[in-house]
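Each chain gets a letter, A, B and so on, in the order the sequences are listed, and its residues count up from 1.
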2 protein chains.
Amino acid sequence: MKTADPELMRAINRLSVLDTIRRHGAISRVEISERTELSTTTVSAITASLLDDGLILTRHEGDIRNEAVRGRPRVMLEVNPDAARVVGAKIAASRMVFVVANFRGDVLSTLTLPIRIDRQPIAVIADLVEDGVRRCVVDAGLSLEDVDSVCLGLPGVIEHRTGHIRSSPIFRETNIDFAAEMTARLSTPTIIESDAHAITLAHHWFGKARELEDMVLISLEQTLGLGVLHRNRLFRGAGGLSHNLGDLVLGMGAQGIVRLSSQAGESAILGEKQADGRFAEAVRLGRGMTHVQALIQADDDRLIAAAVRAGEAVGITIANIVTLFAPPRVILVGSSLALGEPFLNSLRDAYALAVPPSLKGVSELVFDDSTDDFWAQGAAAVALYELYESPWSTTGPAL
Amino acid sequence: MKTADPELMRAINRLSVLDTIRRHGAISRVEISERTELSTTTVSAITASLLDDGLILTRHEGDIRNEAVRGRPRVMLEVNPDAARVVGAKIAASRMVFVVANFRGDVLSTLTLPIRIDRQPIAVIADLVEDGVRRCVVDAGLSLEDVDSVCLGLPGVIEHRTGHIRSSPIFRETNIDFAAEMTARLSTPTIIESDAHAITLAHHWFGKARELEDMVLISLEQTLGLGVLHRNRLFRGAGGLSHNLGDLVLGMGAQGIVRLSSQAGESAILGEKQADGRFAEAVRLGRGMTHVQALIQADDDRLIAAAVRAGEAVGITIANIVTLFAPPRVILVGSSLALGEPFLNSLRDAYALAVPPSLKGVSELVFDDSTDDFWAQGAAAVALYELYESPWSTTGPAL
DNA sequence: TTTATTTAATCCGGGATCGGAAATAAAGCG
DNA sequence: CGCTTTATTTCCGATCCCGGATTAAATAAA
């Protein structure tokens, strides 16, 4: 049971105001007051402190009310884009994508490194990540000192709270204190987060879940991940570790346990097709899925069967997640969506069949095929959220 | 984003102090201060107000510190058992169990009505529940006016927040506003809750999860239920509805979807054995499971096979829950545990096989065969928790 | 041009909260 | 019986939120 004091109270309300401004864009104090249910007095005090800290700006045009209103015009407030800068990254097996974002979450620069880092030693991966961060920062015309924090989104079981990677398909080792490693290398506070959580927050901030405070996202990539948004916050299980859907068990087959990853993981689908040199090459370069897509359109029977089987497995899994969380919306993302109709149709069919009748219609299925930039932007949002929450300079009242 | 004000702050700290006293039994102010990390000043003020409201009592003996300590002796504080009384109930298909509990959660009286209410009209069930509540209250030497609130624990999909029963095996109808119905009948505030949530809180308050703040419980009864404790609170999905594990899908069989309930539900197991008159009679009376236990010990092959299959299905499900929540402990309760070794062994084996290697050792499996009273006591705890949270009389400072 | 009206934002005072320092209470010790 | 020790309470200052009065900044009307 956490203990409350005036400081916490102010922190909560400050975050509430700042987040309201971020979500709405330019907004006046009166309207903030209405939305947060804080008194105008309090909003005035908090915004004064935010202005004082340089986190927000005033803008005198743009009062959206009906033209020709009588009284004093509202002063619009907006997040100061230059109050801070963060780096967000998506680290995947065959590529790394970096973005530099400002305090509002706008992307200032993007860098994609199409390198297979899969199973390299930690030091090599850390080198590449460090290099990517530095280059992306330079691309944005900045220096690393200008960056307030970095967030890396990785696949696997990530313990955000402690900064440890419990296990990840891109590392041979387990239980790595990667946040500490990168913080030391970059001499900038670096946090790590599950890539699924990053894209979940991306959708909450910028994408298809902006208006929702509860939501579930399922990411279908090399790893199958889950993100749960609960009351506007990422739901991190006990201990703050992320969910790894691939480990879910679908049933007992003839040769023992059948895990979801064996039915719907990238490698499970790609594994159906080997031998062929061109195909192997595409897989090695991380273009497996697009290649598969082409083959499916050319009626490759084995791959179509694999896609159908994968869709079925995922559809059932989604139904199970819906049974547990009953979210108003489920967003599906990830490279496997590129498998196209055979996959999606069997997914939809299996879901419709598997979702309990009592929950039919509760959850809406949404597919999203954002690019990797969006994942990286989500990682940036994770970093920004922690900045938003942090107490900043003036803890006392502005002098 | 909830807004904070001094009132909320006090409410949080009051609950924190009161809950600390409840958990620890008799405890001094200094120790409360240490545990809650509130200053002694604040603890003093809050306890004064709690004393003023009659929620706690002082006791001058019982300072546990080493005998012959020098200074002023600590005054021990404890929850006033007579500050309130609640009724908790477990409503199941073949029986209803009621308890009256005092403010501390001690059971004052118990009443079991071994009646099959399964599928009766709402009015009939409401009549029986009303009767049970009234009789149990009288048994405790009280009148209904002495009771502050009632909590009914029911199987199925229960929407605690609104008091609606979305669907329940004991009702033919769906979406019933049962809380309102019973509040009107008893003219006492009545809340409803999933039976699984009730027993989850029972274990947190009195049972096998007292020291944990995160935990998962799986109830294996007629319905398969789930309770998740997250940071000392029941985790209720979006909209506050409960989880119904029976609807989980284990895979696709020859004839379509295979749900957990068809493998491990009470009726699935009992369904294996029919015809026999004595057995049917036992099932009708809700003694099916104990009867099955006897038959299993007598080497009834079909039932043993059913138990093994059920254990397997449940073991896999538990592994999947662990994959999602990674709780430090999983508690299993419910009548199906009575199936004995064949069931439990196959459950344990399947779990060990199905739990992802990376989470091996994270969650501990605990079996619990508490009686129905304990479930009802859990429902009482749900009611008490809401009383603990409520603002009570003196909102202002004690005069 | 000047004055009224309207709406936004701020200022001021009241009430509540927490926490630190000092005072008080209640024991044992010598 | 005074001294020491520990627990609790009292007093006081700082912070926070809020309601009401006040000031600010615009339009509409005279």
Student: Round to a whole Å and report the spacing from CD of B:E37 to C1' of C:dG20.
Tutor: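 Answer to the nearest Å: 17 Å.
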
Student: Would you say the side-chain atoms of B:R23 and B:H204 include a donor-acceptor pair closer than 3.5 Å?
Tutor: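 B:R23 vs B:H204: donor-acceptor pair found between side chains.
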
Student: Using OP1 and OP2 only, check whether a side-chain N or O of B:R74 sits under 4.0 Å from D:dA7.
Tutor: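 Yes, B:R74 has a side-chain N/O under 4.0 Å of OP1/OP2 on D:dA7.
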
Student: Using whole Å, what does the distance between atom C1' of nucleotide C:dA9 and atom CD of A:E31 come to?
Tutor: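 In whole Å, C:dA9 C1' lies 15 Å from A:E31 CD.
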
Student: Report yes or no: do A:R29 and A:T40 form a side-chain donor-acceptor pair below 3.5 Å?
Tutor: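 Not at all, the side chains of A:R29 and A:T40 share no donor-acceptor pair under 3.5 Å.
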
Student: Are A:R22 and A:W205 in a cation-pi setup, meaning NZ or CZ lies under 6.0 angstrom from the ring centre and within 45 degrees of the ring axis?
Tutor: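 Relative to the ring axis of A:W205, which defines the angle, A:R22 lies inside both limits.
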
Student: Taking only N and O in the side chain of A:R10, is any of them less than 4.0 Å away from OP1 or OP2 of D:dC16?
Tutor: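 Answer yes for this pair, as a side-chain N or O of A:R10 is under 4.0 Å from OP1 or OP2.
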
Student: Between A:M76 (CE) and C:dT7 (P), how many Å, whole number?
Tutor: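 After rounding, the reported distance stands at 17 Å.
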
Student: Looking only at side-chain atoms of A:M9, point me to the closest of C:dC18, D:dC16, C:dA9.
Tutor: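 Nearest to the side-chain atoms of A:M9, counting from C-beta on, is D:dC16.
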
Student: Round to a whole Å and report the spacing from CZ of A:R29 to P of C:dT7.
Tutor: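 So the CZ-P distance, A:R29 to C:dT7, works out to 19 Å.
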
Student: Phosphate oxygens OP1/OP2 of D:dC16: is one of them under 4.0 Å from a side-chain N or O of A:N13?
Tutor: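 A:N13 to D:dC16 OP1/OP2: no side-chain N or O under 4.0 Å.
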
Student: Would you say the side chain of A:R72 and the base of C:dA8 hold a donor-acceptor pair, judged only by whether the two atoms sit under 3.5 Å apart?
Tutor: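 Looking at the base of C:dA8, it does pair with a donor or acceptor on the side chain of A:R72 (distance under 3.5 Å).
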
Student: Please figure out whether A:P6 or A:T40 has its closest DNA chain D nucleotide nearer the 5' end.
Tutor: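 Going by which nucleotide is closer to the 5' end, it is A:P6.
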
Student: Reckon A:T41 has a side-chain N or O less than 4.0 Å from the OP1 or OP2 of D:dC18?
Tutor: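 Checking A:T41 against D:dC18: no side-chain N or O falls below 4.0 Å of OP1 or OP2.
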
Student: Grab the CD1-P distance between B:I46 and C:dT17 for me, whole Å please.
Tutor: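 Between P of C:dT17 and CD1 of B:I46: 9 Å.
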
Student: Roughly, in whole Å, what's the span from CG in B:D5 to P in C:dT17?
Tutor: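 So the two atoms are 10 Å apart, to the nearest Å.
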
Student: Think B:R70 has a side-chain N or O under 4.0 angstrom from the OP1 or OP2 of D:dT4?
Tutor: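 It does not, given that no N or O in the side chain of B:R70 lies less than 4.0 Å from OP1 or OP2 of D:dT4.
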
Student: A:L38 has an atom CG; how far is it from atom P of C:dA9, in whole Å?
Tutor: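 Going from CG in A:L38 over to P in C:dA9 covers 15 Å.
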
